[in-house]
2 protein chains.
Amino acid sequence: MASNAKRATQDEPATVLGHCPRFHAAIELIGRRWNGVILQRLLTGPLRFSEIRRGVPGLTDAMLSQRLRELEDAAVVKRIVTDQRPVQVTYALTPIGSQLSPVLTAVADWSVQWAERDERAT
Amino acid sequence: MASNAKRATQDEPATVLGHCPRFHAAIELIGRRWNGVILQRLLTGPLRFSEIRRGVPGLTDAMLSQRLRELEDAAVVKRIVTDQRPVQVTYALTPIGSQLSPVLTAVADWSVQWAERDERAT
DNA sequence: CAGTATCCAGTTTGATACTG
DNA sequence: CAGTATCAAACTGGATACTG
């Protein structure tokens, strides 16, 4: 509740917080099951399929495969295949994907405060 | 990420090599279908049930009702009933809910850049 | 290793209708 | 206005089995 502007004027370029379908799509992409954690892991650098899976307990092959493809379609993740003999595939964030860093940091930050509320109630 | 370098120095059984369940829960709460937009609207100040619904195209009564309850359970939203004659119910962010502001702003910010990628590719 | 295909149970959604 | 009930349809996730 940063401002008391009840209703933005229609000409407002919708400061980041106006009703905006991009925002909607973005937050649901990031928040889609598993995606947040996958992205979080990728933020530390490129990883192989199995490395991601190992880092995310409960995530199955099928799910990871599907999510990775969605993330690729969203241009957030890039799939890299090496020509090497033991074909090696790695996944990395694209430039726009890397820019999710502040977003994920903000969420991680908030989640700590949010968790405190629970711990206190214990 | 704020916590991915954190080791299990304590006896926190939940934190495994950077895998943080709070982060997971937080991002999925925020990213759950409709929640992002509902939260976004509430950020501008308390709103009545119908005001929220009107501000979010496609959102049905049943969905809004359910989401609002989940958000309440998560202590992010507070339901306020006035004693006034035409009983009036409003929904507002709790203190911890208000602290989502930077998070949502970061997402909104990112979503703009993300959208540019599409426009450019066309 | 790095996936894909399929089956299927469980969950989520969205109309529609109805209450205080 | 502020919801709740219900029910069918769509979607999701997980296990298992199978490629290259």
Side-chain angles (χ1 to χ4, degrees), chain A residues 6-7 21 24-25 27-42 44-74 76-94, chain B residues 19 21 24-25 27-39 41-42 44-74 76-94:
Chain A
K6 220 177 184 69
R7 184 166 314 205
H24 195 162
I27 202 160
E28 289 186 3
L29 171 74
I30 300 165
R32 195 177 201 72
R33 189 156 199 203
W34 303 115
N35 279 1
V37 206
I38 293 171
L39 254 11
Q40 189 192 34
R41 307 249 79 196
L42 249 19
T44 67
L47 293 173
R48 307 238 291 281
F49 190 89
S50 53
E51 290 176 321
I52 300 175
R53 191 186 39 200
R54 251 181 289 144
V56 185
L59 179 57
T60 63
D61 283 1
M63 270 300 96
L64 179 54
S65 180
Q66 188 183 317
R67 289 286 111 99
L68 244 17
R69 190 188 292 275
E70 290 169 10
L71 257 12
E72 259 191 277
D73 290 346
V76 166
V77 161
K78 180 176 33 180
R79 184 173 187 265
I80 302 160
V81 186
T82 66
D83 289 1
Q84 279 146 23
R85 273 180 298 49
V87 179
Q88 191 172 298
V89 183
T90 61
Y91 291 89
L93 294 177
T94 60
Chain B
H19 176 251
H24 196 162
I27 201 160
E28 289 187 2
L29 172 74
I30 300 165
R32 194 179 199 72
R33 191 158 196 202
W34 303 116
N35 279 1
V37 206
I38 292 172
L39 254 12
R41 304 253 92 201
L42 250 18
T44 68
L47 293 174
R48 307 238 292 283
F49 190 89
S50 54
E51 291 176 319
I52 300 174
R53 190 185 41 200
R54 252 180 286 146
V56 185
L59 179 57
T60 63
D61 282 1
M63 269 301 95
L64 179 54
S65 180
Q66 188 183 317
R67 290 284 108 103
L68 246 14
R69 190 185 294 273
E70 290 169 8
L71 257 11
E72 260 190 277
D73 291 346
V76 165
V77 161
K78 179 176 34 177
R79 184 175 186 263
I80 301 158
V81 185
T82 68
D83 289 0
Q84 278 149 21
R85 239 218 308 86
V87 178
Q88 192 172 295
V89 183
T90 61
Y91 292 88
L93 294 177
T94 60

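These values consider heavy atoms only, across backbone and side chains, with no hydrogens, waters or symmetry-generated copies. Here is the naming used below: chain letters follow the sequence lines, and residue numbers restart at 1 for every chain. For clarity, every value in this text was computed on a predicted model and none was experimentally measured.
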Asker: Which nucleotide in the list dG14(D), dT4(C), dA2(D) gets nearest to the side chain of T60(A)?
Answerer: dG14(D)
Asker: Rounded to the nearest Å, what distance is computed from the CZ atom of residue F49(A) to the P atom of nucleotide dT4(C)?
Answerer: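 Going from CZ in F49(A) over to P in dT4(C) covers 8 Å.
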Asker: Side-chain N or O of R67(B) less than 4.0 angstrom from OP1 or OP2 on dT12(C)?
Answerer: no
Asker: In whole angstroms, how far is the P atom of dG10(C) from the CZ atom of R33(A)?
Answerer: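 Rounded to the whole Å, the gap is 15 Å.
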Asker: Between D61(A) and V87(B), who's closer to the 5' end of DNA chain D by nearest nucleotide?
Answerer: V87(B)
Asker: Can you tell which of dT12(D), dG3(C), dT13(C) lies closest to the side chain of R79(A)?
Answerer: dG3(C)
Asker: What's the separation between atom CD in E51(B) and atom CZ in R54(B), rounded to the nearest 0.5 Å?
Answerer: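 So the CD of E51(B) and the CZ of R54(B) are separated by 6.0 Å.
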Asker: Determine the minimum heavy-atom distance between V77(A) and T94(A), stating which atoms define it.
Answerer: C-CG2, 3.7 Å
Asker: Please pick, from dT4(C), dC1(C), dG3(C), the nucleotide with the shortest atom-to-atom distance to any side-chain atom of R48(A).
Answerer: dC1(C)
Asker: Rounding to an integer number of Å, can you tell me how far L68(B) CG sits from dA2(D) P?
Answerer: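 The distance from CG of L68(B) to P of dA2(D) comes to 11 Å, rounded to the nearest Å.
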Asker: Any idea which heavy atoms bring F49(B) and L68(B) closest together, and the distance?
Answerer: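 Smallest heavy-atom distance, with atoms named: CD1-CD2, 4.0 Å.
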Asker: Expressed as a whole number of angstroms, how long is the span from I80(A):CD1 to dG3(C):P?
Answerer: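 Distance check: I80(A) CD1 to dG3(C) P gives 12 Å.
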Asker: For L64(A) and dT12(D), give me the distance from atom CG to atom C1', rounded to whole Å.
Answerer: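 Nearest whole value for this atom pair: 16 Å.
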Asker: Can you find a side chain N or O atom of R53(B) that sits less than 4.0 Å from OP1 or OP2 on dG3(D)?
Answerer: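 So the side-chain polar atoms of R53(B) never come under 4.0 Å of the phosphate oxygens OP1 or OP2 of dG3(D).
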Asker: Considering only side-chain heavy atoms of V89(B), which listed nucleotide, dT13(C), dG3(C), dA2(D), is closest?
Answerer: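 So the nucleotide nearest the side chain must be dA2(D).
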Asker: Which atom names give the shortest non-hydrogen contact between I27(B) and G36(A), and what distance separates them?
Answerer: CD1-CA, 4.0 Å
Asker: Go ahead and write out DNA chain D as dot-bracket, 5' to 3': ( ) for pairs within the strand, [ ] for ones crossing earlier pairs, | when the partner sits on another strand, dots for unpaired; Watson-Crick or G-U wobble, both distances under 3.5 Å.
Answerer: ||||||||||||||||||||
Asker: OP1, OP2 of dA2(D) versus side-chain N and O of S50(B): anything below 4.0 Å?
Answerer: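 Yes, such a contact exists.
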Asker: Which whole-number value in Å describes the distance from M63(B) CE to dG3(D) C1'?
Answerer: 14 Å
Asker: Within this structure, what is the CD-to-P distance between Q66(A) and dA5(C), rounded to whole angstrom?
Answerer: 12 Å
Asker: Would you please confirm or rule out a distance under 4.0 Å between OP1 or OP2 of dC1(D) and any side-chain N or O of Y91(B)?
Answerer: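 Indeed not, no polar side-chain atom of Y91(B) lies that close.
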Asker: Taking the side chain as every heavy atom from C-beta outward, state whether L39(B) and L93(B) have any pair of such atoms under 4.5 Å apart.
Answerer: yes
Asker: Out of curiosity, L42(A) CG to K78(A) NZ, how far, rounded to the nearest 0.5 Å?
Answerer: 10.5 Å
Asker: Can you tell me the distance, in whole Å, between the CD atom of Q88(A) and the P atom of dC1(C)?
Answerer: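 Distance, rounded to whole Å: 12 Å.
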Asker: Flag the pair R69(B) and E72(B) as a salt bridge only when some basic side-chain nitrogen lies within less than 4.0 angstrom of an acidic carboxylate oxygen.
Answerer: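 So R69(B) does not pair with E72(B) through a salt bridge.
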